Amino acid sequence: MEETTFFRKKVLYAVFPSVHLPRTIESFVRSHNFADKRIFPIITHGGTGAGESVSVLRGAAPSADLVPVLDVYSSDVPGARRQVAAYLKANSEKQ
């Protein structure tokens, strides 16, 4: 079976507004092989940080290279473009 376009890619950007990993993301990650792939979790929140979402994501994709989370406080979201760009650049350069 031919590999879909997504699975030829080596990166998944998981961006979600919660301290709990959304079930849709968890289900997607659990149903695919993430060996040799990187996951960049970017989480917005109202002050609670990433919560349990990172450990759930790690459990759903144990073979993935899980980049340290970027958590963005909800009121900082409108101005977070530079923060997100710097996070992606810094972590994309790491091997």
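Side chains are part of it too, since the values below use all heavy atoms of this structure and drop only hydrogens, waters and symmetry mates. On a predicted model such as this, the values are computed, not experimentally measured, just so you know.
- In this structure, the separation between CZ on Arg23 and CZ on Arg30 is 9.5 Å, given to the nearest 0.5 Å.
- Counting heavy atoms from C-beta on, the side chains of Val67 and Ile39 never come closer than 4.5 Å.
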Under 3.5 Å, sequence neighbours excluded: what are the donor-acceptor pairs made by side chains of residues 69-85?
from	atom 1	to	atom 2	distance (Å)
Asp71	OD2	His45	NE2	2.9
Ser74	OG	His45	O	3.4

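- Judged purely by atom type and a 3.5 angstrom limit, Ser53 has no side-chain atom pairing as donor or acceptor with the backbone of Leu21.
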Working for side-chain contact (heavy atoms from CB on, under 4.5 Å), residues Phe40 and Val11: CA-CA 8 Å; Phe40 288 78; Val11 175; 3.5 Å; yes

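- Side-chain contact between Ile42 and Leu88: present, with at least one pair of heavy atoms (C-beta onward) separated by less than 4.5 Å.
- Note: His32 and Phe34 have perpendicular aromatic rings, judged against thresholds of 30 and 60 degrees for the angle between ring planes.
- Between the Ser27 side chain and the Thr24 main chain, no donor and acceptor come within less than 3.5 Å of each other.
- Within the model, atoms CD1 of Ile43 and CG of Leu57 stand 8.0 Å from one another, a figure rounded to the nearest 0.5 Å.
- At least one side-chain heavy atom of Lys10 sits under 4.5 Å from a side-chain heavy atom of Asp36.
- For the salt bridge (Lys or Arg N to Asp or Glu O under 4.0 Å) test, no residue two or more places apart in sequence or in another chain qualifies with Arg58.
- At least one donor-acceptor pair closer than 3.5 Å links the side chain of Ser55 to the backbone N or O of Glu52.
- Taking each heavy atom of Asp65 and Arg38 in turn, the nearest pair found is OD2-NE, 2.7 Å.
- Between the side chain of Tyr87 and the backbone N or O of Pro68, at least one donor-acceptor pair lies under 3.5 Å.
- Remark: Pro17 engages Thr44 in a side chain to side chain contact (heavy atoms under 4.5 Å, CB included) (not counting sequence neighbours).
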